[in-house]
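Shown next, in structure tokens, is the structure this report addresses.
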Amino acid sequence: MSTSKNNTPAAPSASAVPSSPREPRYTPAEIEPKWADLWAANPDLYGAEPASSGKPKYYVLEMLPYPSGQLHMGHVRNYAIGDALARYMWMQGYNVLHPMGWDAFGLPAENAAIKNNTPPRQWTIQNIAAMKQQMNRLGLAYDWRNEVTTCLPDYYRWNQWFFIRMFERGLAYRKKSKVNWCPECATVLANEQVIDGRCWRHEETLVEQRDLEQWFLRITNYAQELLDDLSKLDGWPEKVRTMQRNWIGRSEGAEVEFAVEDSEQADEHPSRHAGTAVLPALEGAVTLNKKIPVFTTRIDTIYGATSIQLAPEHPLVKEFAAANPRLADEVTALLEQQKKAREDGDVGAIEKHGVFTGHYAVNPFSNERLPIWVANYILLDYGTGAIMSVPAHDDRDYEFAKKYGLDIRIVVLPHRTPEGDGEKEESILPFTAENSLLINSGDYTSLGNVEAQHKMAAFAEQHGFGKATVTFRLKDWGISRQRYWGTPIPMLYCEKDGIVPVPDEQLPVLLPENVAITQQGGSPLGKLPEFVHATCPKCGGPARRETDTMDTFVDSSWYFYRYTSAKNDKAPFDSAAIDYWFPIDQYIGGVEHAILHLIYSRFWTKVMRDLGLVKNDEPVARLFTQGMVIRNGAKMSKSKGNVVSPDDMIARYGADATRAYALFAAPPDRDLDWQEDGVAGVSRFLGRVFRFVTRHADRAADGTSSQPTATSQALQRKLHQTIRKITEDFGGRWHFNTCIAAIMELVNVLTAAESQIAAGEVPSPILAAILRDLVLLLAPFAPYLACELWEQIGGQGDLLRAPWPKFDEALAREDEIEIPVQINGKLRTVIRVAAEANQDTMRDTALADEKIKAGTAGKTIVKAIVVPGKLVNLVVK
RNA sequence: GCCCGGAUGGCGAAAUCGGCAGACGCAGCGGACUUAAAAUCCGCAGACCUUAGCGGGUCGUGGGGGUUCAAGUCCCCCUCCGGGCACCA
């Protein structure tokens with residue numbers, strides 16, 4: 001684009017540009033540490049004011065890191081976004097809370113302990129120090145006065161305190177169940193931590209199923225509210241809300257009990273082939289002791305049920321198999337297939353297999369006998385682990401019935417299908433659509449399917465064999481971990497009193513330090529007799545201490561509340577501070593926590609609300625998920641060898657350039673392709689700013705007239721257009737890449753006017769104002785440079801508290817604009833008109849143009865489309 | 001299979017409401033400064049055709065259709081890439 005298009009002064013000739021060899025150089029390696037030290041020495045500088053200040057508040061939060069010892073580029077990007085926002089909001093006059101902390105419990109510390117023979121605590125604390133150093137070097141404006149470190153007793157005691165509160169209300173409970181076991185971690189994992197049958201931390205490691213007694217948190221009590229409140233979270237990405245909705249997996253339907261025929265009866269039909277047909281209704285008395293509850297979303301199709309299918313692990317299957325070795329073998333084979341499918345990460349594509357058990361159940365609606373099968377596509381842990389199979393109206397049942405020759409009976413039809421057209425009916429199978437009509441369904445025939453669902457569920461409830469019900473995919477949160485480096489679960493086991501919580505006054509249950517950590521499995525704390533042996537607070541007798549520790553996702557479920565009052569030793573936080581600061585105005589982090597951390601946090605907040613500790617229903621008002629940092633087309637990882645170290649970048653180009661590049665290279669929600677040449681480019685740009693401002697820094701003081709000139713007006717116009725653009729972007733769009741591009745454009749315009757400035761065509765007070773605003777605009781993106789230049793131009797007070805530049809519409813307005821002129825939609829020329837020119841003026845100007853005259857000569861102008869401020873398009877024939 | 005994103009020069013990208021496609025930056029090319037280099041500064045730059053040159057023309061936002069005076073943008077169909085969910089009864 002030519003500069004004249006912007007109505008800016010023509011570019012000066014090269015010789016007009018001052019190029020003094022004495023010009024100071026931009027040296028971030030000197031500037032940045034100077035300010036970093038100053039900031040580190042003044043912890044109040046970025047401190048939030050107390051709630052009592054009464055100022056409008058803004059709580060901006062970035063997800064706290066695990067202290068691995070090294071920041072990676074994903075962190076840098078995350079924090080650069082949050083820091084820019086925090087600084088901007090400060091400059092807008094808000095009382096900003098911008099805290100940071102450490103998600104400091106977890107397995108890597110134990111692994112490092114084994115490898116280096118360093119105690120986990122020492123390793124963790126060292127890493128925290130190193131990373132805090134990196135953060136300071138990056139110039140991140142955190143309020144360190146409320147730093148939270150989750151592995152310290154003053155934090156984790158409140159995990160224990162919350163746990164006991166939950167235990168008292170039945171929200172924490174112990175049960176034996178099948179759990180996910182990662183052999184690599186040597187511990188149990190929550191469902192949320194299993195991805196495609198593999199451990200979330202060990203992509204190569206298959207998760208095993210083990211039967212263990214574990215502590216669970218009753219997140220399912222909140223399933224409905226967690227689902228409902230998603231609709232309130234309109235500041236969250238739709239993608240995250242959808243992921244949570246799917247994870248919660250609400251499904252409305254009915255539970256129906258099918259009675260099992262007594263085994264003596266079944267013995268008359270031992271052959272598996274007998275299992276293919278529905279037999280006539282029972283006559284006479286049959287013993288029906290056992291019931292199979294079945295969950296279905298389509299009770300309206302129950303007359304079409306032609307078999308019962310059980311999960312291979314179903315308890316009844318075990319019973320049947322106990323009396324039938326051949327069946328036992330076949331069930332084992334089914335289990336193997338399931339396991340293999342899990343290992344292949346391809347659970348959905350497993351080939352369906354099944355086996356007839358030799359037993360029958362009774363359809364409570366039709367009294368028909370249905371063969372009971374075991375099938376590998378039935379999951380024990382969803383619904384009741386058993387289904388009624390309706391092949392005509394379910395894709396999976398249809399596939400299975402076709403394979404094994406089971407009956408297929410049509411009981412619902414589309415509203416419009418003419419009756420009796422058998423061939424046509426066959427062709428639509430399996431017919432699974434809702435909004436259908438029932439046929440062959442006893443009293444319910446010819447009802448609409450939704451109406452039938454209600455009536456049938458009501459009938460089942462009346463007769464005590466079923467009811468309408470809702471099933472969730474979400475399971476309770478298993479939090480026991482058989483590892484050392486975590487919060488001890490504050491529970492005691494007394495022979496006399498059973499499970500007893502540790503009394504509040506004995507909290508925290510301290511995590512002992514003298515523990516031998518091995519990869520053997522089994523809780524390391526169990527090997528410390530002095531830890532295990534305790535006294536029952538109820539009877540005073542001997543008790544055994546719980547030796548498992550809590551999932552570290554407990555730590556991160558409420559840490560952001562603690563930031564408001566991290567030194568409180570009487571309560572997890574000050575409720576007055578919470579009332580003021582919550583909900584979090586803006587939370588920023590990676591999308592990988594869309595389900596795990598973000599659903600646990602929502603659950604924890606609802607529990608705390610019900611405990612009367614907080615008033616908000618949700619912790620986070622607005623959520624932003626930034627894109628990944630990739631390089632050479634792949635996510636940065638050691639194994640791919642494409643990792644770029646933040647330290648290297650800072651050493652070479654400075655923290656400002658590194659941060660600004662992280663914001664400049666892509667919009668923050670998209671993946672960012674790291675290109676080192678790009679960092680160099682941003683660094684060059686910062687150098688240009690540095691030199692330009694430095695060159696003119698002393699102009700502020702001279703007292704010349706402030707009468708605007710054509711040049712100064714052009715510069716101010718560009719400046720205020722830039723202010724408008726960036727201010728609007730912070731308001732919501734967050735395209736910091738184009739914000740930085742806009743500052744680059746501004747600087748390009750300023751340096752292009754260098755010769756006019758040198759010639760005195762810009763009054764000093766105006767130039768000084770431009771420099772000041774330029775520095776302020778830069779502050780959120782390159783804080784070190786901005787501070788350095790703020791000092792040079794004699795800025796008053798701390799830059800962070802300086803008010804954000806105010807956009808002036810009058811200064812930004814263009815007098816004359818360029819209007820493209822098209823003939824039949826093709827660009828022919830560009831005309832200049834006054835910005836507020838009306839349609840007639842625009843059309844006349846266009847028609848007077850030589851190129852347009854030539855282009856329309858000998859033709860008829862059929863139509864002239866004139867859009868004020870936009871374009872002229874002449875339709876000619 | 002279902003649900004979200006995405007696809008624009010050699011590269012990262014921009015175009016906020018349907019109105020000059022490629023802002024800004026990288027890499028590249030030419031020039032200035034320099035003994036030289038670095039640094040810095042100035043300029044050129046989508047592809048193709050045409051012109052001695054000035055210039056002129058055609059094509060162009062993954063592919064195909066459509067709506068419109070006008071489409072990267074709206075509608076329909078399709079391809080590829082990334083992510084999430086998945087025998088959920």
Side-chain angles (χ1 to χ4, degrees), chain A residues 1 5 11-19 21 23 25 195 237-240 242-243 245-247 249-251 253 294-298 309 341 346-350 352 375-379 381-390 394-397 399-400 471-473 591-592 594-595 627-628 630 633 661 664-667 669-682 684-685 687-688 691 725 728-729 732-733 735 737-738 740-745 748 751-752 754 818-830 862-865 867 869-875:
Chain A
M1 189 188 288
K5 276 189 179 178
S13 65
S15 59
V17 176
S19 54
E23 194 160 60
R25 293 186 56 175
I195 293 149
E238 190 50 48
K239 177 191 166 106
V240 173
T242 305
M243 284 167 74
R245 209 169 279 129
N246 291 341
W247 187 259
R250 183 182 197 271
S251 183
V294 152
F295 176 72
T296 174
T297 55
R298 291 298 302 273
Q309 302 287 342
D346 211 6
V347 185
I350 186 174
K352 291 178 180 51
N376 63 356
Y377 71 98
I378 308 302
L379 308 171
D381 56 3
Y382 183 78
T384 60
I387 65 155
M388 64 177 201
S389 174
V390 185
D394 181 280
D395 294 319
R396 297 150 298 175
D397 294 346
E399 186 189 334
F400 190 86
T471 292
F472 291 95
R473 188 181 168 283
V591 75
E592 65 272 16
I595 307 184
M628 287 188 302
I630 58 176
Y661 175 74
F664 175 67
D669 55 329
R670 290 251 290 263
D671 286 353
L672 185 159
D673 188 54
W674 194 271
Q675 298 186 353
E676 191 170 328
D677 286 336
V679 190
V682 171
R684 277 196 287 272
F685 158 69
R688 273 199 303 279
R691 289 187 301 274
K725 192 250 176 304
E728 280 175 3
D729 248 295
R733 211 173 70 122
H735 278 198
N737 54 331
T738 57
I740 292 171
I743 302 177
M744 287 172 172
E745 282 187 57
N748 289 346
T751 51
E754 198 73 75
E818 294 196 319
I819 295 292
V821 181
Q822 301 176 334
I823 294 175
N824 288 342
K826 284 186 196 288
L827 180 71
R828 282 295 172 262
T829 191
V830 174
V862 184
K863 199 173 173 188
I865 288 122
V867 186
K870 292 279 188 193
L871 66 28
V872 176
N873 186 13
L874 303 169
V875 185

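So you know, we letter chains A, B, ... as the sequences are listed, proteins then strands, and number each from 1.
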**OP:** Sort by first number and list every stem of RNA chain B: at least 3 consecutive Watson-Crick or G-U wobble pairs, both distances under 3.5 Å.
**Re:**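 Stems for RNA chain B, defined as runs of 3 or more consecutive pairs: B:1-7 with B:79-85, B:10-12 with B:24-26, B:28-32 with B:40-44, B:46-50 with B:55-59, B:62-66 with B:74-78.
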Nearest-Å distance once atom [atom1] is located in both [N] and [M]:
N	M	atom1	answer
B/C75	B/A71	P	16 Å
B/C54	B/C42	C1'	23 Å
B/A32	B/C26	C1'	23 Å
B/A37	B/G19	C1'	50 Å
B/A13	B/C24	C1'	8 Å
B/U73	B/C20	C1'	15 Å
B/G25	B/C78	P	42 Å
B/G60	B/G72	P	10 Å

**OP:** Answer yes or no on whether A/K352 is positioned over the face of A/Y377, meaning its NZ or CZ is under 6.0 Å from the six-membered ring centre and within 45° of the axis.
**Re:**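 Yes, cation above the ring, under 6.0 Å and within 45°.
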Roughly how far, to the nearest 0.5 Å, is [atom2] of [Y] from [atom1] of [X]?
X	Y	atom1	atom2	answer
A/Y661	A/D677	OH	CG	9.0 Å
A/F400	A/I387	CZ	CD1	8.5 Å
A/I630	A/D673	CD1	CG	5.0 Å

Integer-rounded Å distance: [N] [atom2] and [X] [atom1]:
X	N	atom1	atom2	result
A/M628	B/G5	CE	C1'	12 Å
A/L379	B/A89	CG	C1'	9 Å
A/E592	B/C85	CD	P	13 Å
A/E399	B/G1	CD	C1'	12 Å
A/N246	B/C2	CG	C1'	9 Å
A/I595	B/C4	CD1	P	16 Å
A/R691	B/U40	CZ	P	6 Å
A/M243	B/G82	CE	C1'	13 Å

[X] near the nucleic acid: base, sugar-phosphate alone, or nothing, with a heavy-atom cut-off under 4.0 Å?
X	value
A/G249	nothing
A/I819	nothing
A/R25	nothing

Answer yes or no: is there a side-chain heavy-atom contact under 4.5 Å between [X] and [Y]?
X	Y	answer
A/V867	A/I865	yes
A/V821	A/R828	no
A/R733	A/K725	yes
A/F685	A/N748	no

Scan nucleotides 67-70 of chain B against the protein and return all N/O pairs shorter than 3.5 Å with their distances rounded to 0.1 Å.
| unit_1 | atom_1 | unit_2 | atom_2 | d |
| --- | --- | --- | --- | --- |
| B/C69 | O2' | A/N873 | ND2 | 3.2 |
| B/C69 | O2 | A/N873 | ND2 | 2.6 |

Original post:
More 5' along RNA chain B: A/D381 or A/D677, using each one's nearest nucleotide?
Top reply: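 Looking at RNA chain B, the more 5' nearest nucleotide goes with A/D677.
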**OP:** With RNA chain B as reference, determine whether A/T242 or A/D394 sits nearer its 5' end, using the nearest nucleotide of each.
**Re:**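 Result: A/T242.
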Original post:
Considering only side-chain heavy atoms of A/Y382, which listed nucleotide, B/G84, B/C88, B/G25, is closest?
Top reply: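 In terms of side-chain proximity for A/Y382, the closest of B/G84, B/C88, B/G25 is B/C88.
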Original post:
Looking at B/C87, B/C24, B/C20, which one has an atom nearest to any side-chain atom of A/L827?
Top reply: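 Ranking B/C87, B/C24, B/C20 by closest atom to the A/L827 side chain puts B/C20 first.
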Original post:
Taking only residues two or more places apart in sequence, or in another chain, which ones meet A/R250 in a salt bridge (Lys or Arg N to Asp or Glu O under 4.0 Å)?
Top reply: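 Only A/E252 meet the salt bridge (Lys or Arg N to Asp or Glu O under 4.0 Å) criterion with A/R250.
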Any idea which heavy atoms bring [X] and [Y] closest together, and the distance?
X	Y	value
A/K870	A/P820	O-CD, 3.1 Å
A/D671	A/M628	OD1-N, 2.9 Å
A/I819	A/V872	CG2-N, 3.9 Å
A/I740	A/F664	CG2-CD1, 3.7 Å
A/D397	A/M388	OD2-O, 3.8 Å
A/N873	A/N824	OD1-N, 3.6 Å

**OP:** Classify every nucleotide of nucleotides 10-15 of chain B by which part a protein heavy atom approaches to under 4.0 Å, writing B for the base, S for the sugar-phosphate alone and - for neither, in 5'-to-3' order.
**Re:** -SBSSS
Original post:
Does B/G9 sit syn or anti, given that only angles within 90° of 0 count as syn?
Top reply: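 Here the answer is syn: the torsion falls within 90° of 0.
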Original post:
Taking the chi torsion of B/C17, is it syn (within 90° of 0) or anti (everything else)?
Top reply: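 Chi for B/C17 falls in the syn range.
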Identify all pairs in which a protein N or O lies below 3.5 Å from an N or O of nucleotides 55-60 of chain B, and state each distance.
| unit_1 | atom_1 | unit_2 | atom_2 | d |
| --- | --- | --- | --- | --- |
| B/C59 | OP2 | A/K826 | NZ | 3.3 |

Think [X] has a side-chain N or O under 4.0 angstrom from the OP1 or OP2 of [N]?
X	N	result
A/N748	B/G25	yes
A/R684	B/A27	yes
A/R396	B/C88	yes
A/T471	B/A89	no

**OP:** Using the test side-chain hydrogen bond (donor to acceptor under 3.5 Å, both in side chains), find all partners of A/R396 that sit at least two apart in sequence or belong to another chain.
**Re:**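 So A/R396 forms a side-chain hydrogen bond (donor to acceptor under 3.5 Å, both in side chains) with A/D394.
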**OP:** Quick one: sort the A/Y382 and A/F295 rings into parallel, tilted or perpendicular, breaks at 30° and 60°.
**Re:**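 Perpendicular, since the angle between the ring planes exceeds 60°.
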Original post:
Under the 3.5 Å rule, do the base of B/C87 and the side chain of A/K352 count as making a donor-acceptor pair?
Top reply: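 Such a pair exists between side chain and base.
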